[in-house]
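Have a look at the structure below, then the notes.
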Amino acid sequence: MTTFDANGITLERVREYVWEIPQEDGMRAPARVLASEALLEEIKEDKTLEQIKNTTHLPGITDHAICMPDGHQGYGFPVGGVGALDAENGCISPGAVGYDINCGVRMMRTNLTYDDLKGHEEELVDSLFANIPSGLGGGGVVEAGVDTVDEILARGVDWALEHDYAVEDDLLHCEDEGMREGADPSKISQKAKDRGKNQIGSLGSGNHFLEVQRVTDVFDDAVGEAFGLSEDQIVVLIHCGSRGLGHQTCNDYLRKIEQQHQGLLNQLPDKELAAAPAGSQLAEDYYGAMNAAINFAWVNRQLIMHRTRQVFERVFDRSWEDMEMDLLYDVAHNIAKKETHTVGDGEEREVYVHRKGATRAFPAGHPDVPKAYRDVGQPIIIPGSMGAGSYVLRGGANSMDLTFGSTAHGAGRLMSRTQAKNEYWGGDVQQQLEEQDQIYVKAQSGATVAEEAPGVYKDVDEVVRVSDELGIGDKVARTFPVCNIKG
DNA sequence: ATGTAC
C-alpha cells in the first residue's frame, strides 16, 4: 500500500487523488484528503491534516470527513473541509461553517467582448471602485433600519426583488432562489444586526473582491452553451460574504455553545470545534440564525451586482438589459445545510452537510439544481488569485458518492497574511500585474494587495484538475482578470 | 473573514 507521511500523520492511498487517515483513538470515522501528491506536499505544511482528523471526533460524522484539494488551516475545521453530521444523532458546529457565513461567489455574464472593453479599463475600474463600497467598516449600497435588516434576513433576494434591486431571473439563477428556508431573524443578536445594517451591499476586505474578467477557454462546448459562455466574452465575478453580521453571529453562538454544551466540548480534541447536539435548542437557534445570515449575504452580493450593472450602463452608455448582464449563478462557500444523502450502508440519512471553503457540486438531474441547468449540472465558480484567472465547472457525476455533492472553492492560501506582507509590497504587485498582464487593480489598502498577491495562493489549475479527474466538478471554462477592485 | 485582540 502506498502511504504518505506528513509530520506524524500517515495517509493511505485509496486510489489516485484519494488519501485516507485511518480511524483510530477517538475518531468516529476515517478522514479523507482529495489531492495530488503535489498539493498534499503543500497541505501538510500547516495544521490542515490534524484539523480534518479532529473533525472526525464530532458526534454523527457520517462516512468520512473530507478535505478538498485547496484545503488549508482554519478556525477548528479546515477551510476546504466537508463534514456531514447526522441531523438526528449528530451535531452542528459554527466553526465548521466558518466565521463568514455564506461567503461565496456569483458570476454575471455580459454580451460584451474583450475588444469592447479595451481602452476603457481604467475608467471602468475607477468607476467600480468609486461606486461599490469596499474595505473594513461601514458604508453599503443601502443604509437600513432594523426593520429592513429583519426583512432581508427573513426573505433574502425576494426583498431585493420587491425593492427593484433584482429581477425575477436573478432569483432563478441562485441556490434556493436566494432565500433559505428556516431563516429566523429573531435568532440574530441586536449587536449583529447593528453591525450589518450599514454594510448591505459592500465587499469588505481580505480576499473579497469584484473582478471583471474575459473568458479565455471553453473546454466543454455543450455545457458552455448551456451556461451562456463563449471565448472572449466579458463576465463579472463578485466574491464576498455576510460582513460583520455573519462574523458576530458565529461568535455569539460559539460562546453560547461553549457555555451550554461543555459535556460535548470536553470530548473534542479542539475547543474550536464547539458543536450543539442535534435537537438541542441551541442547534435549532444556530440553524435559524445561520440561515438568516445566509440570506443577508445573498442580498449583499445582489446589491453589488445591481450597482455593477449601473456602473456598466454609465461607462458603456447602454442599458444593462441590452448588455445582457444576467446572473450565471451564485455559489455559497461557507454554509451548513440539512440534506438527505445515501450513506455508507446504503441508507438514506438526513445530515447537516457542513461546507467550509467548499462548494456544492450537484450533478445533472439533481432536483435541487435550478431548472435552467438541471440537464447539465450545477454551475460551480472557482476563483483563482487576481493574477491567475478563475474557472467555471459543473457538478460532476461522482460528487454524490464521493463528497456529499461538493468540490473545492478556490486556490487556497499557501502562506499566512503576515508572511505575505513580508514577501510582497502592494504597489509593486499592482504595477507588475498592470505592466505584464494588463490587469488593472484598485484597492483601499496596499497591505491587502500584498496579502492577496498571486504568489500567496496555490495553483488553481492543479486544484481544478484534481476536481475534474475525480469527476466531482468538471471543467467547463476558464477566465482571466481584466479589472479587479478590493478592500 | 473581522469595528484586523478580550
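Predicted model only: the values in this text are computed from it and were never measured. Quick note: numbers below take in every heavy atom, side chains included, and nothing from hydrogens, waters or symmetry partners. Per chain, numbering begins at 1; letters A, B, ... match sequence-line order.
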Query - Whole angstrom value for the distance that separates P of B:dT4 from NZ of A:Lys421 - result: 13 Å
Requested in this report: Please report, rounded to the nearest Å, how far the C1' atom of B:dA5 is from the CZ atom of A:Arg417.
Outcome: 16 Å
**Report entry** salt bridge (charged side-chain N to carboxylate O under 4.0 Å, His left out) partner of A:Arg413, chosen from A:Glu45, A:Glu451, A:Glu452
**Finding:** A:Glu452
Report summary line: For A:Ala6 and A:Lys44, the nearest pair of non-hydrogen atoms, with its separation, is CB-CB, 3.7 Å
Query raised in the report: Roughly how far, to the nearest 0.5 Å, is CD of A:Gln302 from CD1 of A:Ile152?
Result: 11.5 Å
Query raised in the report: What is the distance from NZ of A:Lys486 to P of B:dT2, rounded to the nearest Å?
Result: 12 Å
Requested in this report: Check the distance between B:dT2's P and A:Asp252's CG and give it to me in whole angstrom.
Outcome: 16 Å
Query - Lys/Arg-Asp/Glu bridge criterion (N-O < 4.0 Å) met for A:Arg465, A:Glu462 - result: yes
Query - Length of the line joining A:Gln444:CD and B:dT4:C1', which is rounded to integer Å - result: 15 Å
Query raised in the report: Hey, is the side chain of A:Arg243 poking within less than 4.0 Å of OP1 or OP2 on B:dT2, counting only N and O atoms?
Result: yes
Query raised in the report: Under 4.0 angstrom, heavy atoms only, what part of the nucleic acid is A:Gln199 near: base, sugar-phosphate, or nothing?
Result: sugar-phosphate
Report task. Check every strand shown and say whether A:Ser205 touches a base, only sugar-phosphate, or nothing at a heavy-atom separation below 4.0 Å. Result -> sugar-phosphate
Report task. Send over the distance from A:Asp100 CG to B:dT4 C1', rounded to a whole Å. Result -> 14 Å
Report task. Return the value, rounded to whole Å, for the distance between atom CZ of A:Arg255 and atom P of B:dA5. Result -> 15 Å
Query raised in the report: How is A:Gly241 classified with respect to the nucleic acid when contacts are heavy atoms under 4.0 Å: base, sugar-phosphate, or nothing?
Result: nothing
Query raised in the report: Which part of the nucleic acid, if any, lies within contact of A:Lys191, taking any heavy atom under 4.0 Å across all strands shown: a base, the sugar-phosphate backbone alone, or nothing?
Result: base
Report summary line: In whole angstroms, the gap separating P of B:dT2 from CG of A:Leu254 amounts to 16 Å
